Structures are given as structure tokens and as C-alpha cells.
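Remember, it's a predicted structure, so these values are computed and weren't measured experimentally. Both counts, for ligands and for their atoms, begin at 1 and track the order of listing.
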Amino acid sequence: MSLLITNIGSLVTNDPALGSGPLGLLTDAAVVVEGSSVSWAGPASAAPAADTSYDAAGRALLPGFVDSHAHLVFAGDRTAEFNARMSGQAYTAGGIRTTVAATRAASDAELAANLTRFVREALRQGTTTIECKSGYGLTVADEARALRIAAEHTPETTYLGAHVVAPEYAEDPAGYVDLVTGEMLDACAPHARWVDVFCEKGAFDGDQARAILTAGIARGLTPRVHANQLSYGPGVQLAVELGAASADHCTHLTDEDVAALASSSTVATLLPGAEFSTRAPYPDARRLLDAGATVALSTDCNPGSSFTSSMAFCIAVAVREMGMTPDEAVLAATLGGAQALRRTDVGRITPGARADLLLLDAPSHVHLAYRPGVPLTAAVWRAGVLEV
Ligand SMILES: [Zn+2]
């Protein structure tokens, strides 16, 4: 069955060959979907015939969001911690251990139900690809089950046994690194595509992070790094050196860090929900873009430091606070996320791409920043299936 979506007021293809600017923008456009893929995109007046049609009524169509950084396998709630922080307490990496205790105590069914709910919540807001990390189990069995559960929802699963040092190893961090690079990695690697580490004071230093990422690479995983979130540090340089797909957060960058990102294929993934929810200074997207780095926007959805699944919210904050234009922010939330996951089949509306489409209740993608906080999802197709 083929589907013609026509009367699209504004179409973001993310292919400069199909339309104007980096977004490959077309007006009065149409898209044809064959099965799970896009087969054609162009001016409505030139659209080929299809079995069925959908009238977009002049609204904007863009690629489904690609959220390349999320922590969704967890149990419990940290409302009290957020409330305390908004009353003046500082954010530290140690809060993660609260969620670890709740996650270990939860059943597989509870964790799966939570994850299903969050993936669905994201889908309703236009996110059609989502990455999911472990990191709230911190034992061999709990990390492996987190990834097993995540793999039922997304191929983009990330082994983050090195989120923080497990409480049992508080006096023996080297022993925990041995576990993460040994028995835990053995149990997790079959369920994971990526390996990640929180390289930060209070979590893992540069040498530990290098050992963890190198061990993951040796097991066939590709690295991505929580880098330079709370302070300056070695994370970004390590990510670039090891060929990581992405360095995530990038809030505290030296000129050398920016230059390293700009001259590499490592994507700078910015997570403004974290700065918003911790009242921290935002990363400088303008500086990265002007230097020539590839930028992605993601939610970092997690119960501690960024409990939002809204890519639209991240776009609005990035435009208001991080020096991005609306076009740049939308590109970063779609194609940028795809690049951070090294995916060429999502983040674009081009022939051959997966038919992941977000129809907005608005005439332009700019409304994602122009109308912050307003639910603008009119319809969502994932792999050609109308889901929302
Ligand atoms: Zn994170």
C-alpha cells in the first residue's frame, strides 16, 4: 500500500538537494510513503499517484525527532530532590544512587511498563527514534536486564554500567572499573550497541573512562561519552580520540575542546533539559556551530537531572538560550540526532528513508520555538504506520 501525504504547507526534508537551505525546505509539498519507507518527496503539483491520500491541510511536516540520549529504564521518583534543588541545593552526580536503589528493587515487569510508558509519551510528542541507556542497576544482573528490556523497544541501546560507582564499591572504585570492563561487560555486550561513561568529578576520571570505553570497543560496542557536563575535563578529548559517535552535554568546553569536535566526526550532543532542571548555565551551541561542529539536541530524559521527553521543549530552549536559530535547532533535533546515532535511515524525509514523519498543528517548523510549551503534534507516522 502506498500513501500520498499532500497539501503540506511546509516540508522539512533535511536534504539541501530537495529544497532550500540546510533543511531542504519545500512549500506546497507532498510525500509518498511505500510500506515503511519514503519513496518520493517534492512539490505537490508533481506528486505521483498513490493508493490512499492524506490531506495535511497546509500544515508543516518534518522528520520524526531522533532523541539520541535518554535514560528510561528506571523505577522510583525524585520529586523531592528536584524540589530541594529548586529551593537552593546543588546538583551532584550522587543523586543517581537514589534511582539505583529503586530500580534494583523493581520487577522486570515494572521496569518494562515504565519504559513502554516513556517511549509512548515521547512518540506522542513526535519522537520516532530514541536511544536508551542502562546505568541504574550497577550490578551485573541489573545492568544486563535493563539492556534486555530496552532492546525490546529500540535498537539504540547503550551500556552505561559506568554511570556512577556502585554503592558497594564506594571504597574500591578500581574494583568497580574492573567489574564494568569485565564480567558486567560480558553480560551486557550482547544487548547493547553502544558503550558510554559519565566522565566527571564524582563519577569516572579520564583514565577510568578510557579503560571502560576501550574495553567496550574491544567487545564490538561503539563509544559515546557523557562529557564536560558539570566541569571542564578530559571527556570531550577522549571521545574524539576514541572516535566516539557523540560527546554529550559539552557544557564546559575549552577552545581546544571546540576545535577537537569541529575537526572530528564526533557529534556534540547538547541536552538543555539538564541545565534547565539544575539551573545551570546552558552550553554555547553558537560557539560550536560557528566552529563547524555537528550539533545534536536531545532530552537526556531521566528522573534526576532532566525529566522531560519533549524534543520541542529542547528546541525552544536551544533557540532562546543557546544561540541557535529555529532552523538549526530543528536540524539538530532530527538529522543531528541521527548523526549522533550514525543512522542514515532516519532524521530526513528523502527517498529510501524510514517513513518517520511528524505533522505539526502549525504552518511551519518554526512554531516549535515560537510556541513553547504548546502541544503541536497533529499526527505521527513511524515506519509508515500512523501511530498518533
Ligand atoms: Zn545522560
Original post:
Do you know which of His249, His226, Glu131 makes side chain to side chain donor-acceptor pair (under 3.5 Å) with His69?
Top reply: His226
Original post:
the Zn ion (ligand 1) to His249: any N/O/S contact under 2.8 Å?
Top reply: no
Original post:
For the Zn ion (ligand 1), what is the closest N, O or S atom on His69?
Top reply: NE2
Original post:
So which of the N, O or S atoms of His226 lies nearest the Zn ion (ligand 1)?
Top reply: NE2
**OP:** Would you mind naming the N, O or S atom of Asp300 nearest to the Zn ion (ligand 1)?
**Re:** OD1
Original post:
Is the His367 ring parallel, tilted or perpendicular to the Tyr370 ring (thresholds 30°, 60°)?
Top reply: perpendicular
Original post:
Angle class for the His163/Phe198 ring planes (parallel below 30°, perpendicular above 60°, tilted otherwise)?
Top reply: tilted
**OP:** Walk me through it: do His252 and Asp257 pass the test side-chain hydrogen bond (donor to acceptor under 3.5 Å, both in side chains)?
**Re:** CA-CA 9 Å; His252 295 87; Asp257 294 334; over 6 Å; no
